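Right, one structure below, let's go through it.
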Amino acid sequence: AIRTRNNLQNYMRQRGYLNARSSYIVNFKEKRFLGLFKTRNDSTGYNSKAYVKYTLELGPQFLIDSVKFISQDSNVRRILHQISGRSALKPGGVLDARSFESEKLRITQAMKNRGYAYFIPNFIEFEGDSTNTLVKVTVNVLPPSDSALHQTYTIGNIAVFSDLVPNLSSIRRDTTINDIYFATSETRFAVRPSRLYKAIAIRRGTLYRQDDFDKTAHDLNALGIFRFVTVRPLQDSINPEKIHVIIFFSLNKR
């Protein structure tokens, strides 16, 4: 009952009712004697029921007065201003936890599509300054712990391995199409590299884009001939600004 009371209270606070309070009372039904119908867990021979009534006192609903985007990193700050028009946080909108989670995901996706391969939602922090029921929201993108600036990455080498494990399986056939390397442990390619190339949205020398990785995995799986497809980014140990891409797949049984 206590957990349910707390859940109700927290749920409404996440919907903008920051002063919501919840309470409950319990009424017991009068006991009656069961006689011969006693159960193993009821050694007294009596049966009773408890009825719980929950009460919510919501208070006022808090609204967003204004939204400001800040960051110590000038490049990140410029991106935040470019994408601010599509923000899930709108002046006059409810101070709803779902909107804040949606905003975190939106900013994270925008950053990952602009070269910031290792940007995560934990870099985003929200602050609020309230006047009565209006809240001025500040969206702050924090710098990583080891630097004041976030790092962008470009795509390096792209390799596609068919039914083999690099360094463990021997390559029997390989080819390169427009800087994308294809290799297989079989005597011939089960799927033409030219066909696979059309399904790969990632290109060497371009900025890292999460959408390109997602589209590549989707389009390769959509061919319907693979048991699994893995599109793996791998940071270059010598040039840390480069991310190489390794694509593994294993064919379904014919």
Side-chain angles (χ1 to χ4, degrees), residues 73 75-76 78-79 82-83 86 104-124 141 144-147 149-254:
D73 188 328
N75 292 326
V76 173
R78 184 172 62 253
I79 293 173
Q82 288 174 355
I83 65 174
R86 297 186 295 273
K104 272 192 174 186
L105 295 177
R106 185 188 74 90
I107 293 175
T108 300
Q109 188 71 8
M111 297 296 292
K112 290 174 79 71
N113 280 331
R114 287 167 171 79
Y116 297 90
Y118 298 108
F119 192 92
I120 57 175
N122 287 346
F123 287 133
I124 303 169
V141 174
S145 57
D146 57 348
S147 172
L149 301 176
H150 288 273
Q151 177 68 52
T152 59
Y153 298 85
T154 56
I155 301 298
N157 298 326
I158 305 171
V160 182
F161 297 106
S162 171
D163 277 324
L164 63 82
V165 179
N167 303 323
L168 295 179
S169 303
S170 59
I171 295 174
R172 302 181 68 180
R173 188 163 185 183
D174 63 352
T175 188
T176 301
I177 301 177
N178 293 338
D179 294 328
I180 299 182
Y181 175 73
F182 298 86
T184 180
S185 59
E186 303 296 331
T187 56
R188 67 181 185 86
F189 288 102
V191 183
R192 291 193 305 274
S194 59
R195 181 64 188 88
L196 294 173
Y197 177 82
K198 294 177 181 178
I200 298 173
I202 308 166
R203 294 292 181 263
R204 184 177 180 179
T206 61
L207 273 178
Y208 177 98
R209 277 175 42 90
Q210 186 61 47
D211 282 355
D212 292 341
F213 278 73
D214 295 342
K215 186 178 189 312
T216 297
H218 174 272
D219 289 353
L220 287 172
N221 277 302
L223 295 176
I225 56 176
F226 302 122
R227 286 203 304 271
F228 70 87
V229 175
T230 301
V231 183
R232 181 183 302 171
L234 182 65
Q235 190 172 4
D236 192 311
S237 58
I238 298 176
N239 186 352
E241 295 181 358
K242 293 275 187 182
I243 286 184
H244 303 305
V245 182
I246 301 178
I247 301 174
F248 302 97
F249 59 79
S250 181
L251 287 166
N252 278 323
K253 293 182 179 180
R254 190 180 299 275

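No hydrogens, no waters, no symmetry mates; every other heavy atom, side chains included, goes into these values. Here the structure is a predicted model, which means the values were calculated and not measured.
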Distance in Å, Lys198 NZ paired with Leu220 CG, rounded so as to fall on 0.5 Å steps: 13.5 Å
Sub-4.5 Å side-chain heavy-atom contact between Tyr153 and Gln235: yes
Flag side-chain contact, heavy atom, 4.5 Å: Ile155 against Tyr208: yes
Asp179 vs Ile158 side-chain heavy atoms within contact, under 4.5 Å: no
Spacing of CG belonging to Asp212 relative to CD1 belonging to Ile200, to within rounding of 0.5 Å: 11.5 Å
Residue pair Ala190 / Leu251: nearest heavy atoms and the distance that separates them: CB-CD1, 3.1 Å
Among Thr176, Asn157, Asp174, the one residue meeting side chain to side chain donor-acceptor pair (under 3.5 Å) with Tyr181: Asp174
Inter-residue atom distance His244.NE2 - Arg232.CZ, 0.5 Å rounding: 14.5 Å
CZ/Arg203: more than 12 non-hydrogen atoms of other groups inside 6.0 Å: yes
Residue pair Thr154 / Lys242, side-chain heavy-atom distance below 4.5 Å: yes
Whether His150 and Phe123 hold their rings parallel, tilted or perpendicular, with breakpoints at 30° and 60°: perpendicular
CA sep, side-chain torsions, deciding dist, call: Val141, Met111, side chain to side chain contact (heavy atoms under 4.5 Å, CB included): CA-CA 11 Å; Val141 174; Met111 297 296 292; 5.5 Å; no
From OG1 (Thr216) to CG (Asp211), nearest 0.5 Å: 10.5 Å
Gln109 side, atom CD; Arg209 side, atom CZ - distance, nearest 0.5 Å: 9.0 Å
Residue of the set Phe226, Phe182, Phe161 for which ring-ring contact (aromatic ring centres under 6.0 Å, His included) holds with Phe249: Phe226
Distance-minimising heavy-atom pair for Thr184 and Ser162: OG1-O, 3.5 Å
Glu241, CD: over 12 other non-hydrogen atoms inside 6.0 angstrom: no
Closest non-hydrogen atom pair between Asn252 and Gly224, with its separation: ND2-O, 3.8 Å
Distance (rounded to the nearest 0.5 Å) between Lys112 NZ and Ile120 CD1: 9.0 Å
Heavy-atom pair with the smallest gap, counting every atom of Arg114 and Leu207: O-CD1, 4.0 Å
Heavy-atom closest contact (Asn75 atom, Asp73 atom, distance): N-OD1, 2.9 Å
Nearest atoms (heavy-atom pairs only) where Ala199 meets Asp219: O-CB, 3.7 Å
Stepwise side chain to side chain contact (heavy atoms under 4.5 Å, CB included) test for Phe119 and Ile124: CA-CA 10 Å; Phe119 192 92; Ile124 303 169; 4.1 Å; yes
Side chain to side chain, Phe189 and Arg173, heavy atoms closer than 4.5 Å: yes
Beyond-backbone contact of Ile247 with Ile180, side-chain heavy atoms, under 4.5 angstrom: no
